[in-house]
Amino acid sequence: MEKDFKEKVLKIVSKINKGETMSYKEVARLAGKPKAWRAVGNILKNNYDNKIPCHRVVLSNGRPGKYNRGVQNKIKLLKKEKVKNLK
DNA sequence: CGTATGACGTGCA
DNA sequence: GTGCACGCCATAC
């Protein structure tokens, strides 16, 4: 269990600039585990840190995916961030 | 230590 | 383009 992986993922997500989105696969890739995008979602779900804009992490399909505070809230936040590239 | 689960991704019909 | 099934990693129990 790479604890570093979790920290890395959180750090990378926190590095996402406003108005930008990243797919789970991209985050996992930057974290060093391009095949761990499955765990990325699990980590974010267990992590409720406000410093982690997990709402900026979307699926590779361009869909918002889910959110610990509600998918609607996620979409709303992205729209507020001027990220209307959602499908 | 083994099984089950989950914010997913890809392939095939 | 849509829908279903399988595979994947890390974490929790």
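This is a predicted model, so every value here is computed, not measured. The figures here come from the full heavy-atom set of this structure, side chains too, leaving out hydrogens, waters and symmetry mates. In what follows, chains carry the letters A, B, and so on, assigned in the order in which the sequence lines appear, proteins first and then strands, with residues in each chain numbered from 1.
Rounded to an integer number of Å, the gap from Glu26(A) CD to dC8(B) C1' is 14 Å. As a whole-Å value, the separation of Met22(A) CE from dC8(B) P is 18 Å. Residue Leu44(A) contributes atom CG, which lies 12 Å from atom C1' of dA10(C) at whole-angstrom precision. With rounding to whole Å, Lys6(A) atom NZ is found 12 Å from dA10(C) atom P. Distance, Tyr24(A) OH to dG7(C) P: 23 Å, rounded to whole Å. Per the geometry, NZ belonging to Lys66(A) stands 13 Å off P belonging to dG9(B), to the nearest Å. If you measure from atom CG of Asn42(A) to atom P of dC9(C), you get 14 Å, rounded to the nearest angstrom. What separates CG of Asp4(A) from P of dA10(C) is a distance of 12 Å, to the nearest Å.
Looking at Asn68(A) and Lys45(A), their side chains never come closer than 4.5 Å, going by heavy atoms from C-beta outward. Using a 4.5 Å heavy-atom threshold, the side chains of Leu44(A) and Tyr24(A) count as touching. For the pair Asn47(A)/Val13(A), no side-chain contact is recorded, criterion being any heavy-atom separation below 4.5 Å from C-beta on. Looking only at side-chain heavy atoms (C-beta outward), Gln72(A) and Lys76(A) stay at 4.5 Å or farther from each other.
Counting any heavy atom pair closer than 4.0 Å across all strands shown, Lys35(A) reaches sugar-phosphate atoms only and no base atom. Ala36(A) comes within 4.0 angstrom of the backbone, heavy atoms only, and of no base. The residue Leu59(A) sits close only to the backbone: its heavy atoms come under 4.0 Å of sugar-phosphate atoms, none of a base. When heavy atoms are screened at a 4.0 angstrom cut-off, Asn46(A) is found touching no nucleic acid atom at all.
Below the 3.5 angstrom threshold, one finds no donor paired with an acceptor across the side chain of Arg38(A) and the base of dG9(B).
The nearest heavy atom of DNA chain C to Ile43(A) and to Arg63(A) marks one nucleotide each, and the one closer to the 5' end goes with Arg63(A). Taking the nucleotide of DNA chain B with the nearest heavy atom to each of Ala39(A) and Asn61(A), the more 5' of the two is matched to Ala39(A).
In this structure, Cys54(A) SG and Ile16(A) CD1 are separated by 9.0 Å, a value rounded to the nearest 0.5 Å.
Side-chain proximity of Trp37(A) to dG7(C), dA7(B), dT5(B): nearest is dG7(C). Here dT10(B) is the nucleotide among dG6(B), dA7(B), dT10(B) with the atom lying nearest to any side-chain atom of Lys25(A).
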